[in-house]
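This is the structure I have questions about; it appears just below.
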Amino acid sequence: MKVEEQVRQTLEGLGVGDEAGVAGLFDGLRTQIERELAGLASADAGEQFRIRWLGRKQGLLTAANDNWLKPAPPALKRAVGRLLNEVKRQAEQSLEARRRELDAGSETARLAVQRLDVTLPGLRRPIGARHPVQIVIDEVQEIFLSMGYSVEEGPEIESDYYNFEALNMPREHPARDTQATLYVAGDYLLRTHTSPVQIRTMEKMQPPLRVIAPGRVYRRDNPDATHSFMFHQVEGFAVDTNITFCDLKGTLDYFFKRFYGEQVQTRFRPSFFPFTEPSAEVDISCIFCSGAGCRKCKQSGWIELFGAGMIDPALYGFVKYDERKYSGFAFGGGIDRLAMLRYGIEDIQLLFQGDLRFLQQFR
Ligand code: PHE
């Protein structure tokens, strides 16, 4: 017989004033509840117990009216109500306690399987370092940003038009020979310098312009201590009304003094680039011997760093600027070389071999 039935029959059979009978009924119930709880083997079973005895609507101890008060003789209803509440509270507490025991049991079982050895050494997370080339790019940008320049980028896979043609180097121009590169497909090639960013920027923006453009460039070169088929350049240019060669000299002199130190001198030697006129090679006084002459500067006292010049008016034709109104200067040079001189790195290959012993020195 179900407990509900048993309870009802017992309650209905109670005589007037049979308080002892009520107490007996609840004592029996209490014993049964404790026995059931002790027999629970899992959290699931605990939940089933809760629903059966304490479920919100149909729980045996919860549905007070249906199960307890209705079948009880009127004179005993008070006693039944009081004891019912007591047993119910007790059942709730016991269930809570039993659940904690069950939880603790499964925790012990879990710990037995998943042993944690607190004496094992921890995992060391390797901390990276900035690449020397990136450090230099950041610093060059910093210096030019302080002069009101902005930073532009261009694609590394560049068209023949931007890399050569619009820089005043038509198909058969001999200056192309010194910049042999990989042709990717058709008219596309790995850019040989950052100068195409001059054209791209002038196409999309009007003067006044003050821009630098750092990035990777590629050339057909056999790797040795000073050559790599991939390296980095920074391009810089300014276009406005009345820009003169003086502005170029002042700008680069200021840049090199900030980058290598106040004692550095700059020197401009006549040169040739198809996209600047006049053109110059820019040297700085040797930062190792201050110009006295040493192995690093091949006893000359000077170190060649940048190419530069006034932007050739022919370029304005390609980007539809009025060449009578505007003038500008441009310069470009190797970032890797700036870094090698700064840090005393003698082999450019070290920059690209990914050797952590080398790279971790530049934090
Ligand atoms: N683009 C040239 C080179 O790669 C450098 C340069 C840039 C020269 C701008 C003049 C003006 O060698």
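Order of listing sets the numbers, starting from 1, for every ligand and every atom in it.
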Is it true that Phe144 and Phe331 have ring centroids separated by less than 6.0 Å?
yes

Check each N or O atom of ligand 1 against all protein N or O atoms and list the pairs under 3.5 Å, with atom names and distances to 0.1 Å, one per line.
unit_1	atom_1	unit_2	atom_2	d
ligand 1	1 (N)	His193	ND1	3.0
ligand 1	1 (N)	Ser195	OG	2.9
ligand 1	4 (O)	Arg219	NH2	2.8
ligand 1	4 (O)	Gln233	NE2	3.0

Any side chain to side chain donor-acceptor pair (under 3.5 Å) involving residues 265-277? Give me the pairs, sequence neighbours left out, ordered by first then second residue.
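For residues 265-277: Asp253-Thr266, Arg267-Asp283, Arg269-Asp283, Arg269-Glu304, Ser271-Glu281, Thr276-Ser279.
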
Please check if atom CD in Glu153 has more than 12 non-hydrogen atoms from other residues, nucleotides or ligands closer than 6.0 Å.
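Counting neighbours around CD of Glu153, 12 or fewer heavy atoms of other residues, nucleotides or ligands fall under 6.0 Å, so no.
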
Honestly, is Arg171 close enough over Phe164, meaning NZ or CZ under 6.0 Å from the six-membered ring centre and within 45° of the axis?
no

Does the ring centre of Tyr218 sit less than 6.0 Å away from the ring centre of Phe231?
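Centroid separation for Phe231 and Tyr218: 6.0 Å or greater.
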
Within 6.0 Å of CG in Leu145, more than 12 heavy atoms from elsewhere
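More than 12 heavy atoms, drawn from other residues, nucleotides or ligands, come within 6.0 Å of this atom.
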
